[in-house]
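What follows is a single structure, written as structure tokens, with notes after it.
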Amino acid sequence: MECLRARRDLAVIVAVAALACSSCLVRRRTVAPPGKVANKPLLTATKEDLLQRIRSVSDPVHSFAMKVDMAPSIGNLYGGTITDYPTISGYIFYRKPDEIRVIGLDPVVHGTAFDMLSKGNAFRVSIPSRNQFVEGLNDTPANSPNKLENLRPVAFLTSLLINPPTGSPDMTILEDDTNETKAIYIVLFLARDGERLRLLRNVYFDRYTLQITRQKTFDAAGYIVSDTSYENWKNYGGFPFPASIDILRPQDGYELVLNVTDLRVNSPDVTDQKFILVKPPNAQIKVLK
């Protein structure tokens with residue numbers, strides 16, 4: 001019995017000694033609480049609050065006519081050589097549900113550098129300087145070695161529009177990604193693919209303002225198709241819209257920065273004629289399959 005008590009006493013002494021020793025190695029540090037980085041309070045929202053913010057941006061817009069400055073870059077966007085091209089001016093016309101036309105202006109000859117139209121899954125592109133007219137489907141792989149040839153009108157459609165969830169049930173999840181260096185809400189949009197769920201896109205919200213700051217879309221394997229950042233939200237005739245839009249298309253190998261210089265939402269100027277692109281005479285047709 002005495003032997004057993006001695007062993008217990010020895011165990012207690014060893015444990016206390018170990019605790020005292022380990023406390024000498026403890027390092028204490030101060031972590032800035034969320035909200036201190038921007039020196040203003042965090043805002044709190046539910047998932048439904050954030051979805052309503054998406055609806056308030058998307059639902060009132062039935063069409064728009066936009067004038068932009070476009071700055072393209074090509075190369076390996078995730079660590080590699082990037083080639084920046086001169087900024088050009090252009091026009092973008094949109095009409096629900098999926099019609100978009102993008103016209104780029106040649107800064108040298110002051111003519112049309114390219115003219116792109118997308119309706120549904122079909123697109124057409126006219127390149128006057130090459131006397132070329134391209135037709136194809138938006139879901140056709142963009143695998144041209146000339147990365148700018150991978151530019152499709154659907155890329156603008158995917159990035160300029162921030163749509164609320166469609167269908168039933170609403171398959172969205174809210175993530176709070178807040179720590180001492182950032183404060184973000186992320187709404188994840190999911191879809192059922194047979195027996196599994198897959199990620200369609202993410203929409204990011206700044207927790208200091210609840211403004212939408214980013215939207216990412218994914219392919220069926222989970223890789224990024226587009227990664228778009230939104231900054232400098234302004235009021236255009238009563239409609240909020242970001243004045244600066246940065247579109248990354250890592251699989252296609254290009255980036256496109258748009259600066260909105262004029263925007264008219266639900267303008268009567270957005271007529272049927274704006275969504276007709278006719279092949280120029282003698283232009284060579286290239287069909288993408």
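Since the structure is predicted, the reported quantities are computational estimates derived from the model, not experimental observations. One is the number of the first residue; the rest follow in order along the sequence.
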Worksheet item: Side-chain contact, heavy-atom cut-off 4.5 Å: Arg207 with Leu43?
Response: no
Worksheet item: Is there side-chain contact between Phe205 and Leu174, with at least one heavy-atom pair below 4.5 Å?
Response: no
Worksheet entry | Arg201 to Phe189, cation-pi by 6.0 Å centre distance and 45° axis angle | yes
Discussion item. Is any side-chain heavy atom of Asp115 closer than 4.5 Å to one of Ile103?
Written reply: yes
Discussion item. Is it true that Ser129 and Asp106 share a donor-acceptor pair across their side chains at a distance under 3.5 Å?
Written reply: no
Discussion item. Counting only heavy atoms not in Gln284 (residues, nucleotides, ligands), do more than 12 fall under 6.0 Å from its CD?
Written reply: no
Worksheet entry | Test log, rule salt bridge (Lys or Arg N to Asp or Glu O under 4.0 Å), inputs Asp272 and Arg95 | CA-CA 9 Å; Asp272 291 344; Arg95 185 169 62 180; 2.6 Å; yes
Discussion item. Contact between Arg124 and Phe133 at the side-chain level, heavy atoms closer than 4.5 Å - yes or no?
Written reply: yes
Worksheet item: Side chain of Asn232, backbone of Pro242: donor and acceptor closer than 3.5 Å?
Response: no
Worksheet item: If you measure from CD1 on Ile184 to OG1 on Thr178, what distance do you get to the nearest 0.5 Å?
Response: 7.5 Å
Fill in: Heavy-atom check, side chain of Thr44 versus side chain of Tyr185, under 4.5 Å
yes
Practice prompt. Flag the pair Leu199 / Leu190 as yes when at least one side-chain heavy-atom distance between them is below 4.5 Å, and no otherwise.
Written response: yes
Worksheet item: Is it true that the side chains of Asn282 and Asn131 contain a donor and an acceptor less than 3.5 Å apart?
Response: no
Discussion item. Looking at Lys279, I'd like to know if its NZ atom is crowded, meaning that more than 12 non-hydrogen atoms belonging to other residues, nucleotides or ligands lie closer than 6.0 Å.
Written reply: yes
Practice prompt. May I ask you to check whether over 12 heavy atoms, not counting those of Tyr91, lie within 6.0 Å of atom OH?
Written response: no
Practice prompt. For the pair Trp233 and Phe241, name the ring-plane relationship: parallel under 30°, tilted 30 to 60°, perpendicular over 60°.
Written response: tilted
Worksheet, complete the sentence: Between Lys274 and Asp269, the two heavy atoms sitting closest are NZ-O, 3.3 Å
Worksheet item: Mind checking whether Leu51 and Pro164 have side chains closer than 4.5 Å, heavy atoms only?
Response: no
Worksheet, complete the sentence: Under a side-chain separation threshold of 4.5 Å, the hydrophobic residues clustered together with Ile285 are Val287
Discussion item. Which heavy atom of Pro250 sits nearest to which heavy atom of Ile224, and what is that distance?
Written reply: CG-O, 3.7 Å
Item to complete: Would you kindly check if the NZ (Lys) or CZ (Arg) of Arg101 is within the cone defined by 45 degrees around the ring axis of Phe93 and under 6.0 Å from the six-membered ring centre?
Response: no
Worksheet item: Considering residues, nucleotides and ligands other than Glu175, do more than 12 of their heavy atoms fall under 6.0 Å from its CD?
Response: yes
Discussion item. Any non-hydrogen side-chain atom of Tyr204 less than 4.5 Å from a side-chain atom of Asp177?
Written reply: no
Practice prompt. Output yes when a side-chain donor or acceptor of Asp219 lies under 3.5 Å from a complementary backbone atom of Ala221, and no otherwise.
Written response: yes
